[in-house]
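Down below is the structure, laid out as structure tokens.
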Amino acid sequence: MPGQPIKYPFLDLGTANESYMAAMREAAMRVINSGRYIGGEEVEAFNREMAAMCDAPHAIGVSNGLDALRLIFEGYKVLGKLSVGDEIIVPANTYIATILAIGHAGLTPVLVDPDQRTMNLSVEGIQRGLSQRTRGIVAVHLFGRVCWDNDIARICRANDLLVIEDAAQAIGARAATEGLFRSRAAGAIGHAGAFSFYPTKNVGALGDAGAVVTHDEVLADAVKALANYGSDRRYHNIYAGFNCRLDPIQAAMIRVKLPDTDKVNAERFARAVAYDRHISHPAVIKPLMPATPTQCVWHQYVVRISDGRRDDFREYLRKNGVETDIHYPTPPHMQPCYAAETAHAPLPLTERLAKEVVSLPIGASTSEADAREIAAIINNYPNI
């Protein structure tokens, strides 16, 4: 179809990793030369550095973000804090991995509509999902925006709920108010948090990788054992565990990038500010800007296009050289694998959001000038 070539790619991982290439080669050789290809100092160093960044005493590197969440739930099961069939409240507009982790652990995900402005779980959503079987919530920090405030803290304390954070998209984000253990850092606000270092994340590995962060030493020990075949020491298996260990090569890659987390997030914030200031088209609903810059680390900048015009809007942008994406086109409860399984009331907002959301470029391959130019293209979109 006619139109100019893509000038504004959605994300170019080559560009994102370019400045780290020399350091990553050095780190890879360090692992190769160490002779330790499972566990070892790279993984232990990553655990220490990740814990320090999150203001938490414990971090455990694991295989990916899904396994990080699953290991938290399995950890609470072996510790007797969760049982098969217990209900976990979760926002319905999340990526399916959040729901998979709950179900894989034999728990029941209870899906609720999010807050319309933040697209995150709200007190109202928690109240809608509460039952006598509710044992916890998953606070999904969607698109990098922290899902936490005093009202959520109060309802969780009042109902003695476990607070599990899906912080896969929110590394380096900080809440405006303290969490259950005084930390404001995403992943350390509640009882335990799960991170993903999938290559497209703000801090990405060169493959799959994840981490569990917690203030609970007993849970940390359980997660560490469960991730290593249920073993607390060699050839001694206290749990029927899994193989979910973090690869030392990936630990080394993440360690190269981890010190730049605040810098990367600040750059994304600047692009988000440029979009917010310069997009003025009446058909485009912009995301809510946070009260403080660190409340959202802008893993995605997601606008909404109503009236069934999203496909036309995306095609207009494509013809003008702007690549976009959709996060996410089909909610988990509408996926074939969950069509008749997940517990939920009607979810009209979740289903509407899935038809309206459009993610604009905001990663390392997008400059502030690019964001202003993309905004100008958006403002010229025909308002029929």
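In this chain, numbering begins with 1 at the start of the sequence shown.
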What distance do [X] atom [atom1] and [Y] atom [atom2] have between them, rounded to the nearest 0.5 Å?
X: Glu323; Y: Leu11; atom1: CD; atom2: CG; value: 9.0 Å
X: Thr177; Y: Trp148; atom1: OG1; atom2: CH2; value: 8.5 Å
X: Ile249; Y: Leu246; atom1: CD1; atom2: CG; value: 11.0 Å
X: Met119; Y: Leu288; atom1: CE; atom2: CG; value: 9.5 Å
X: Asp221; Y: Asp216; atom1: CG; atom2: CG; value: 9.0 Å
X: Arg128; Y: His344; atom1: CZ; atom2: NE2; value: 13.0 Å

Checklist entry - Do any pairs count as a side chain to side chain donor-acceptor pair (under 3.5 Å) and have a residue in residues 278-289, sequence neighbours left out, and if so which ones? => result Ser280-Asn379

Item to check | Any pair counted as side chain to side chain donor-acceptor pair (under 3.5 Å), so long as it reaches residues 24-39, sequence neighbours left out | outcome: Arg30-Glu42

Are the side chains of [X] and [Y] in touch, meaning some heavy atoms are under 4.5 Å apart?
X: Leu360; Y: Thr366; result: no
X: Gln295; Y: Phe269; result: no
X: Val110; Y: Arg133; result: no
X: Asp166; Y: Leu69; result: yes
X: Ile164; Y: Ile137; result: no
X: Val78; Y: Glu74; result: no
X: Asn17; Y: Leu206; result: yes
X: Ile126; Y: Val112; result: no

Donor-acceptor pairs under 3.5 Å, side chain of residues 80-91 to any protein atom, not counting sequence neighbours: which ones?
| unit_1 | atom_1 | unit_2 | atom_2 | d |
| --- | --- | --- | --- | --- |
| Asp86 | OD2 | Ser83 | N | 2.7 |
| Glu87 | OE1 | Ser131 | OG | 2.6 |

Checklist entry - Mind checking what makes side chain to side chain donor-acceptor pair (under 3.5 Å) contact with Thr261, not counting sequence neighbours? => result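 Expected list: none.
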
Next on the checklist: Suppose we screen for side chain to side chain donor-acceptor pair (under 3.5 Å). Which residues come up paired with Asp67, at least two apart in sequence or across chains?
Outcome noted: Ser63, Asn64, Arg70

Can you tell me if [X] uses its side chain to pair, donor with acceptor, with the backbone of [Y] under 3.5 Å?
X: Asp276; Y: Ala272; answer: no
X: Ser231; Y: His236; answer: yes
X: Asp115; Y: Asn120; answer: no
X: Asp149; Y: Ile152; answer: yes
X: Arg271; Y: Ile362; answer: yes
X: Asp247; Y: Ala209; answer: no
X: Asn202; Y: Val297; answer: yes
X: Asn47; Y: Gly61; answer: yes

Grab the two heavy atoms, one from [X] and one from [Y], that are nearest each other, plus how far apart they are.
X: Ala27; Y: Met253; value: CB-CE, 3.8 Å
X: Ala375; Y: Ile279; value: CB-CG1, 3.6 Å
X: Ile189; Y: Ala175; value: CD1-CB, 3.8 Å
X: Ala185; Y: Arg174; value: CB-NH1, 3.7 Å
X: Glu356; Y: Ser306; value: OE2-CB, 3.8 Å
X: Ala170; Y: His141; value: CB-CB, 3.5 Å

Charged N to carboxylate O below 4.0 Å: is that the case for [X] and [Y]?
X: Glu217; Y: Lys224; answer: no
X: Glu267; Y: Lys263; answer: yes
X: Asp151; Y: Arg154; answer: yes

Item to check | side chain to side chain contact (heavy atoms under 4.5 Å, CB included) between Ile326 and Arg314, intermediate numbers included | outcome: CA-CA 10 Å; Ile326 301 174; Arg314 292 189 73 205; 3.3 Å; yes

Checklist outcome for this item: Sorted by chain and number, sequence neighbours left out, salt bridge (charged side-chain N to carboxylate O under 4.0 Å, His left out) with Arg145 holds for none

Checklist entry - Can you list the residues that meet the salt bridge (charged side-chain N to carboxylate O under 4.0 Å, His left out) rule with Arg268, with sequence neighbours excluded? => result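 Testing Arg268 for salt bridge (charged side-chain N to carboxylate O under 4.0 Å, His left out), a comparison that skips the adjacent residues, returns none.
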
Find out if a path of hydrophobic residues (ILVMFWY) with successive side-chain heavy-atom gaps under 4.5 Å connects [X] to [Y].
X: Ile171; Y: Val302; answer: no
X: Phe10; Y: Tyr8; answer: no
X: Leu71; Y: Leu162; answer: yes
X: Leu100; Y: Leu226; answer: yes
X: Tyr275; Y: Val303; answer: yes

Which pairs, with at least one residue in [range] and sequence neighbours excluded, count as a ring-ring contact (aromatic ring centres under 6.0 Å, His included)?
range: residues 347-376; result: none
range: residues 58-78; result: none
range: residues 306-325; result: Phe313-Tyr381, Tyr316-Tyr381
range: residues 180-233; result: Phe46-Phe197, Phe181-His191, Phe181-His215

Checklist entry - side chain to side chain contact (heavy atoms under 4.5 Å, CB included) between Glu368 and Val273: does it pass, once the steps are laid out? => result CA-CA 9 Å; Glu368 285 184 63; Val273 169; over 6 Å; no

Checklist outcome for this item: In Asp12, Asp370, Val322, the residue satisfying side chain to side chain contact (heavy atoms under 4.5 Å, CB included) with Pro361 is Val322

Would you be so kind as to tabulate the donor-acceptor pairs closer than 3.5 Å made by side chains of residues 328-335, with sequence neighbours excluded?
| unit_1 | atom_1 | unit_2 | atom_2 | d |
| --- | --- | --- | --- | --- |
| Tyr328 | OH | Gln169 | NE2 | 2.8 |
| His333 | NE2 | Glu351 | OE2 | 2.8 |
| Gln335 | NE2 | Thr330 | O | 3.3 |

Checklist entry - If you draw a 6.0 Å radius around OH in Tyr95, do more than 12 non-hydrogen atoms from other residues or ligands fall strictly inside? => result no

